[in-house]
S.K.: 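Encoded as structure tokens, here's the structure I'll be asking about.
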Amino acid sequence: MKLSDRQQNGVIILEPRGKIMGGPDATLLYDKLHEIIESGNKQVVIDLSKVDWMNSTGLGILISSYTTLRNNNGELKLANITDKIQSLLTITKLVTVFDSYDSVDDAVKAFK
Amino acid sequence: MKLSDRQQNGVIILEPRGKIMGGPDATLLYDKLHEIIESGNKQVVIDLSKVDWMNSTGLGILISSYTTLRNNNGELKLANITDKIQSLLTITKLVTVFDSYDSVDDAVKAFK
Amino acid sequence: MVQKPVISGNKITIPSNLEYLTDVDNFIESTLQSYGTDESTIADIAISVSELVNNAIEHGSKSGTAKEVTVEINRQNDKVQIRVRDRGNGFDPEQLDDPLADENLLKEVGRGIFIVKSLMDSVDIQTSDKGTTITITKAIK
Amino acid sequence: MVQKPVISGNKITIPSNLEYLTDVDNFIESTLQSYGTDESTIADIAISVSELVNNAIEHGSKSGTAKEVTVEINRQNDKVQIRVRDRGNGFDPEQLDDPLADENLLKEVGRGIFIVKSLMDSVDIQTSDKGTTITITKAIK
Ligand SMILES: Nc1ncnc2c1ncn2[C@@H]1O[C@H](COP(=O)(O)OP(=O)(O)O)[C@@H](O)[C@H]1O
Ligand SMILES: Nc1ncnc2c1ncn2[C@@H]1O[C@H](COP(=O)(O)OP(=O)(O)O)[C@@H](O)[C@H]1O
């Protein structure tokens, strides 16, 4: 996994790319998220359009991002969920947990 | 805050020292905890005997350690809570959340 | 605007950055020691000041223009008065979440002002879109 | 014991370390491509293998003596069979938590084997105190 981030209207957009399969992937996103929270930004969108696939480690990272932001009065939204990820979220019932949008723009607007 | 760690019967003992007041303190403990979880250790005791005082940031660090370990099938116990910290835990109702022990040995034994 | 902590008399001014929390703490604790305040009271006051300075930096200065925070300490007979000021956009103290509510119990944040109110004898909050000044007092012997 | 990933024919052996996950993935995905497998099926199999190799490293080898993990891939007519083996202390597959239970929904872990079972056509778990071998199969065209 590679990870880039940018700002749009005060919202942080995280864009992981490639496969999220475990090992260093978790730490990478975790550290980035804490950097974000400590700098006072608490509205985060994870753009999943460039993720080839993820396994349960990837789901764990999404959950930990969700709970960490929530427990710091922040909020996480997902954008551009691919079919593969959608089916993982469905079978694990995690669709009921995440707020997801068809585009980054829609997700950012939803923070208003 | 300074932080040291050691192992005792497969349990990790974290020993923060000084005052826990915010800023870099949170990151320090967070990073250590994730290092511990990723290395497969999930039983952690935080020994508070050397903490002069903590504020709400310190309480936030204890909560985040508690929830992070729990969400990774691990467990946190506190040891040697000082009077000052005890009264903070009481007024914030957090006494009901944490499992605490009079000594590190008692906390370690409680993991069996 | 100060570039590093500046002490003048009973007042410390810091750039709005959490790295200076310890400077404020050293200033407050040593001043209280010079008053002969007992250790437990010093800790209660130091905890409270650290809450207010954290807030002034994290919530206050963030939005304002003057990125500095001042902390002033005064002794008045048998009590100490401390004033923490930022130049942020203020907030509504009536709208704070209740940290004791079940749904907030595991939140990592939201306990600062609650703790200050329980440790101090009085807490006065003056806040507007030009900044926030919080004054706390505590009896000392 | 291998010091780095070793491929011999249809089998890859890696030291028990998560840094080699991508080596296993490259090996499996390129083998499946050579079979002409479609992309979606490759992803399902790659996800499942990554779950099993993560487990073999994190839960298996941790406790055992031989700190290596082997992954073998075989094509059988219109299905592919993959076997992941570690030399750990095994586990009781009957005792797994239900990841769909309300109290587990926000856990960060505990979904690996559940996902493998839903993506693969068959999952066979052989486990004892000498190690664990998990064999999965999936139809390919
Ligand atoms: N100096 C300040 N300027 C602006 N907003 C503030 C200030 N102090 C507190 N607040 C607001 O009050 C809320 C509650 O503060 P507090 O009880 O200390 O909890 P926390 O800082 O952990 O959120 C903050 O989240 C913030 O919205
Ligand atoms: N190869 C293995 N060796 C020993 N224990 C295993 C192995 N694979 C799985 N387990 C056990 O089964 C549990 C569930 O595995 P899984 O569903 O993949 O979730 P997770 O690995 O995220 O905990 C693990 O926590 C572990 O206790």
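Proteins get letters first, then strands, A, B, ... in listed order; numbering begins at 1 in each. Bear in mind the structure is a predicted one, so any value in this text is a computation, not a measurement.
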S.K.: Is any side-chain heavy atom of B:Leu29 less than 4.5 Å from a side-chain heavy atom of B:Ile46?
M.R.: yes
S.K.: Between CE of C:Met120 and CD1 of C:Ile115, what distance do you get to the nearest 0.5 Å?
M.R.: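 C:Met120 CE to C:Ile115 CD1: 11.0 Å, rounded to 0.5 Å.
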S.K.: Can you say whether B:Ile91 sits under 4.5 Å from chain C via the side chain, the backbone, both, or neither, judging by heavy atoms?
M.R.: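 The answer is both parts of B:Ile91.
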S.K.: So do B:Met54 and B:Met1 actually touch side chain to side chain, heavy atoms under 4.5 Å?
M.R.: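 A side-chain contact under 4.5 Å is absent here.
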S.K.: Using only distance, no hydrogens or angles, which N or O donor-acceptor pairs sit under 3.5 Å between chain B and chain C?
M.R.:
unit_1	atom_1	unit_2	atom_2	d
B:Lys19	NZ	C:Asp25	OD2	2.8
B:Lys19	NZ	C:Glu29	OE2	3.0
B:Met21	O	C:Asn54	ND2	2.8
B:Trp53	NE1	C:Glu29	OE2	3.2
B:Asn55	ND2	C:Ser50	OG	2.8
B:Ser56	N	C:Glu51	OE2	2.6
B:Ser56	OG	C:Glu51	OE1	2.6
B:Ser56	OG	C:Glu51	OE2	3.2
B:Lys84	NZ	C:Ser40	O	3.3
B:Lys84	NZ	C:Ser40	OG	2.9
B:Lys84	NZ	C:Asp44	OD1	2.8
B:Lys84	NZ	C:Asp44	OD2	3.4

S.K.: Which one wins on heavy-atom pair count under 4.5 Å against chain C: B:Pro24, B:Gly58, B:Gly60?
M.R.: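 Of B:Pro24, B:Gly58, B:Gly60, B:Gly60 has the most heavy-atom pairs under 4.5 Å with chain C.
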S.K.: How long is the span from the CD1 atom in C:Ile136 to the CG atom in C:Leu52, to the nearest 0.5 Å?
M.R.: 5.5 Å
S.K.: Would you mind reporting whether C:Ile12 and C:Ile28 have side-chain heavy atoms less than 4.5 Å apart?
M.R.: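 C:Ile28 does not reach C:Ile12 side chain to side chain.
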S.K.: Give me the contact list for residues 103-111 of chain B versus chain C, heavy atoms only, anything under 4.5 Å, ordered by residue number.
M.R.: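 Not one residue of residues 103-111 of chain B has a heavy atom under 4.5 Å from chain C.
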S.K.: Atom OH of B:Tyr101 and atom CD1 of B:Ile81: how far apart are they, to the nearest 0.5 Å?
M.R.: 11.0 Å
S.K.: If you round to the nearest 0.5 Å, how far is CG of B:Leu89 from OG of B:Ser100?
M.R.: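 Answer rounded to 0.5 Å: 7.5 Å.
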S.K.: Need one label for B:Leu88: side chain, backbone, both or neither, based on atoms under 4.5 Å from any heavy atom in chain C.
M.R.: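 Side chain of B:Leu88 only, per the 4.5 Å heavy-atom cut-off to chain C.
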S.K.: Any chance you could measure B:Leu14, atom CG, to B:Leu33, atom CG, to the nearest 0.5 Å?
M.R.: 7.0 Å
S.K.: Report the distance from atom CD1 of B:Ile36 to atom CG of B:Asn41, rounding to the nearest 0.5 Å.
M.R.: 7.0 Å
S.K.: Heavy atoms only, distances under 4.5 angstrom: which of B:Leu62, B:Ile63, B:Val97, B:Ile61 has the most pairs with chain C? Name it, please.
M.R.: B:Ile63
S.K.: With ring-ring contact (aromatic ring centres under 6.0 Å, His included) as the rule and sequence neighbours excluded, what pairs involving residues 71-99 of chain C come up?
M.R.: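 Counting only pairs at least two positions apart or across chains, no ring-ring contact (aromatic ring centres under 6.0 Å, His included) contact touches residues 71-99 of chain C.
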S.K.: If a pair satisfies ring-ring contact (aromatic ring centres under 6.0 Å, His included) and one of its residues is in residues 106-141 of chain C, list it, with sequence neighbours excluded.
M.R.: none
